[in-house]
Every structure is written in C-alpha cells, then in structure tokens.
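What follows is a short report on a single structure.
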Amino acid sequence: MEKTWRWFGPNDPITLDMLRQIGVEGIVTALHHIPNGEVWSEEEVVKMRDYIEDHGLRWSVVESLPVSESIKYAGPDRDELIEKYKVSLANLGKAGVKTVCYNFMPVLDWARTDLEYPNPDGTSNLYFNQAEFAYFDIYILKREGAEADYDADTLKRVEELKASMTPEGEKRLVENIIVKTQGFVNGNISEADLDPVAKFRELLDLYKGIDAKQLRENMAYFLNAIMPVCREYDINMCVHPDDPPRPILGLPRIVTCDADIEAFLNAVPDPHNGLTFCAGSLSAGAQNDVTKLAEKYADRTHFVHARICNVLPGGDFKESTHLDPRLVSVVRTFEKRRPGVPMRVDHAPLMLGDEKMGYNAGYSFHGRMLALGMVGGIMATVATEKD
C-alpha cells in the first residue's frame with residue numbers, strides 16, 4: 001500500500017517537509033478554503049497539486065470533495081449542486097488526481113464525546129460514551145422523541161450523569177460532538193458559530209421524513225449522475241463508512257455493515273463506485289468483522305484507513321492500538337490483494353506534547369507518526385510472507 005497522510009493544507013502546523021522525513025509517500029487533502037458546494041477550479045486544483053509535488057510528494061487522495069446536504073436529502077438545488085460537483089471532479093481528473101473519498105452521512109460527519117480520554121501509559125485517545133451522547137441528544141439538543149432511541153440501561157446512565165452534569169460539562173459535549181470534530185473538514189458547524197446547537201437543530205430538520213430507503217435512493221441518484229465523469233477521467237469514488245456505524249440523532253445511516261456496503265455497490269455496479277475501507281469506523285460496530293469485510297470487499301476498495309476500535313459494554317467504544325491483531329489481518333489482506341492502494345493511519349493517540357499543539361481532533365503528529373511506523377512494520381513483515 002502507498003503510505004499517505006491526511007494534511008490540512010499550507011496552514012497545517014505539520015509541514016510537507018516533516019512528512020517526507022517520516023516516510024510519507026502521498027498526501028490526502030482537500031481545498032478546504034473553498035466553501036462547500038462551490039466548484040473547485042482547475043487553477044486551484046493544479047496549484048495544490050504542484051505545491052505538493054514541489055515538496056517531493058504526490059496528491060494521492062482527495063478527502064474530501066464534500067457532498068452538500070441538499071444532495072443528500074434531495075433539496076430543490078440538488079441537480080445544480082451535482083453539476084458543480086461534476087465540474088470539480090473533471091478538474092481533479094485533468095490534474096491527475098484520481099481518488100476521491102467522500103461520505104453520505106447526514107449532518108454529522110463523525111461523532112466522539114471525549115477527545116482526550118486518558119490511557120494508563122499517559123497518552124490519550126478519542127472515545128465515544130453512549131450515555132454522554134444520549135445526554136447531549138435528550139437534554140442539550142432536546143430532540144423530540146430522543147428517549148425512544150435508547151435502551152433502559154443507557155437511559156439509567158443518562159439520569160445518573162444528569163445528577164452531576166455542570167454547564168462546563170455540557171459545553172464540552174457540544175464542542176466535542178458538533179464543533180471540534182466537524183469544523184475542520186468543511187463541516188456544517190464551525191467554531192465561529194455563536195449558537196451551534198440551534199444551527200444543528202436546523203440541519204436535523206432538513207431530514208424530517210427521510211428514512212434509510214430514501215437516503216439510499218438519493219445516494220444512488222448522486223452516484224449515477226457522476227459516474228460518466230468518473231469513467232471519462234478514471235476517477236475512483238470511495239465512500240467512507242458511517243462513524244459510528246449506527247443510526248444516531250434520528251438520522252438514517254446507510255454505510256454501517258456488510259449488507260449496507262453490498263447494497264450501495266450493487267446499486268451502482270460501476271467499478272469506479274467503491275469503498276474507503278475504514279477499519280476504525282467499521283470496528284466501532286459490534287456487528288462487523290473487519291477481517292472478513294476486508295477480504296470480501298478488497299477488490300472494490302480504493303482507499304484504506306488503518307485504525308481500529310474496541311467496542312465496550314453499553315455501546316461505548318475507544319480507539320485502539322495500531323498493532324491490534326484485527327488491523328494486522330486487514331493490512332495483510334490489502335497488501336496482498338490491493339498493492340499500491342493508498343493507506344493512511346487515521347486517528348492516533350495524543351502523546352509527547354501533541355495535546356499542546358492545537359492539532360485537529362484525532363490528527364496528532366507524534367501519535368500518527370508512531371502509528372505509521374507500526375503499520376509500516378506490519379507491511380514490511382507481510383512482504384516477507386510466502387503465499
């Protein structure tokens with residue numbers, strides 16, 4: 001696999017020169033300065049490509065060319081936005097950028113409740129606490145009917161949490177769930193929003209009446225519309241699994257498991273319609289065996305996120321070590337089945353002062369550097385194995 005790294009552009013405190021020194025081969029980035037839904041001009045695409053190549057690297061993957069909410073819920077401007085998307089794709093293809101990671105998750109890109117969950121060794125990881133998330137849903141967001149989406153054990157934990165919750169604790173949940181994990185990825189919420197909860201409620205309202213069946217149809221509509229451009233420029237679209245892989249906040253989620261993956265691949269059987277195999281997102285669902293999924297979908301995987309999660313009692317989960325045996329198996333599968341496919345190590349611990357640097361949530365330098373070394377070691381070992 002090609003060793004890549006998610007980089008957030010020239011303002012990222014992690015520089016391309018630093019990345020060359022630690023063995024990175026390809027860059028995963030986006031034109032973050034262009035508003036969601038606007039065209040990525042050929043000039044801007046070439047400027048970014050050349051900037052990366054001038055530093056001895058290549059622009060391997062776009063993550064992401066955002067799919068506007070109106071495309072997802074089929075708003076009145078859906079076709080206009082899809083046409084703009086097609087122009088951006090064509091401009092990427094002309095510049096030789098051939099892999100585009102995107103997601104079709106309504107409103108919320110990914111969710112965690114704790115961005116610095118302490119580990120015994122002094123590092124920290126991302127963490128999802130089901131009771132804290134439910135508290136946010138029921139008592140902060142105050143979503144109608146939210147209680148019905150949680151089991152009795154979770155609701156009991158929520159009431160226990162309510163007894164000790166403070167205004168500072170509520171502010172932390174808002175920041176962790178809908179601000180700090182979203183704003184840096186062309187998300188719907190930014191740190192500049194004065195009332196992120198109110199804005200978030202407005203976004204949720206856009207999906208009233210949209211169930212999983214309708215969302216699948218909207219995704220197929222989008223993919224069928226862009227496939228001619230993908231074929232013309234040999235661009236591989238690779239959807240990111242839902243994170244976490246379960247319905248949340250009353251929103252449908254349609255890339256959560258084996259059946260979901262099979263459904264969207266079959267709905268648009270063009271080989272340019274593929275998967276970002278995020279072992280971390282998939283392993284956050286107890287229903288998923290990532291080893292088997294990697295074997296089944298290797299041929300339709302165009303991009304790999306190498307991380308893993310441990311599912312804990314009560315619906316909680318946390319990021320795990322990159323030497324987890326499940327991730328070793330996943331890496332082995334793609335090394336043997338998909339040589340050359342871009343791979344990035346994705347989320348990693350905060351360590352050695354990372355927590356003081358203001359990095360985007362999940363995207364530390366030292367933690368990811370350690371993870372890249374771990375995965376690189378797995379790759380080197382697999383290369384010595386006999387079939």
Once rounded to the nearest 0.5 Å, what's the spacing between atom [atom1] of [X] and atom [atom2] of [Y]?
X      : Y      : atom1 : atom2 : answer
Arg253 : Leu215 : CZ    : CG    : 10.0 Å
Arg172 : Glu175 : CZ    : CD    : 9.5 Å
Asn236 : His272 : CG    : NE2   : 5.5 Å
Asn273 : Cys230 : CG    : SG    : 8.5 Å
Leu327 : Met374 : CG    : CE    : 10.5 Å
Gln214 : Tyr221 : CD    : OH    : 12.0 Å

With distance as the sole criterion, is a donor-acceptor pair present between the side chains of [X] and [Y] under 3.5 Å?
X      : Y      : answer
Glu170 : Tyr135 : yes
Glu63  : Thr29  : no
Asn176 : Thr113 : no

Just say parallel, tilted or perpendicular for the rings of [X] and [Y], cut-offs at 30° and 60°.
X      : Y      : value
Phe136 : Phe133 : tilted
Tyr127 : Tyr117 : parallel
Tyr73  : Tyr207 : perpendicular
Trp110 : Tyr363 : perpendicular

Of the options [options], which is the one that meets [X] in a side chain to side chain contact (heavy atoms under 4.5 Å, CB included)?
X      : options                     : result
Leu92  : Val229, Val87, Thr99, Val45 : Val45
Trp5   : Met18, Arg344, Arg368       : Arg368
His305 : Cys278, Ser281, Pro342      : Cys278
Leu372 : Leu19, Val24, Thr4          : Val24

Exercise. According to a 4.5 Å side-chain heavy-atom criterion applied to Ile, Leu, Val, Met, Phe, Trp and Tyr, with indirect links allowed, do Val239 and Ile226 form part of one hydrophobic cluster?
Worked result: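 Yes, one cluster joins them.
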Problem set entry | Contact summary for Thr123 and Pro349, nearest pair of heavy atoms |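 Answer, listing the atom of Thr123 first, then Pro349: CB-CB, 4.1 Å.
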Hey, is [X] close enough to [Y] for a salt bridge, meaning N to O under 4.0 Å?
X      : Y      : answer
Glu262 : Lys296 : yes
Asp243 : Arg112 : yes
Arg20  : Glu25  : no

Exercise. Hey, is NZ on Lys94 packed in by over 12 heavy atoms from elsewhere, all under 6.0 Å?
Worked result: yes
Exercise. Above 12 or not: heavy atoms from other molecules or residues under 6.0 Å from CZ of Arg201?
Worked result: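 Counting neighbours around CZ of Arg201, more than 12 heavy atoms of other residues, nucleotides or ligands fall under 6.0 Å, so yes.
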For this session: Please say whether the positively charged group of Arg216, taken as NZ for Lys or CZ for Arg, lies over the ring of Phe264, i.e. under 6.0 angstrom from the six-membered ring centre and within 45 degrees of the axis.
Result: no
Exercise. Looking at Tyr139, is Lys162 sitting on its ring face, NZ or CZ under 6.0 Å from the six-membered ring centre and within 45 degrees of the normal?
Worked result: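 Yes, a cation-pi geometry holds between Lys162 and Tyr139.
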For this session: Given side chain to side chain donor-acceptor pair (under 3.5 Å), test Arg326 with Asn310 step by step and report yes or no.
Result: CA-CA 10 Å; Arg326 293 167 295 168; Asn310 287 332; 2.8 Å; yes
Exercise. With distance as the sole test, does Arg246 use its side chain to make a donor-acceptor pair with the main-chain N or O of Gly315 at under 3.5 Å?
Worked result: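 It does hold such a pair.
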Exercise. For the ring pair Phe277 and Phe334, is the centre-to-centre distance below 6.0 Å?
Worked result: yes
Problem set entry | Residue pair Asn129, Asp114: steps toward the side chain to side chain donor-acceptor pair (under 3.5 Å) verdict | CA-CA 8 Å; Asn129 182 296; Asp114 194 334; over 6 Å; no
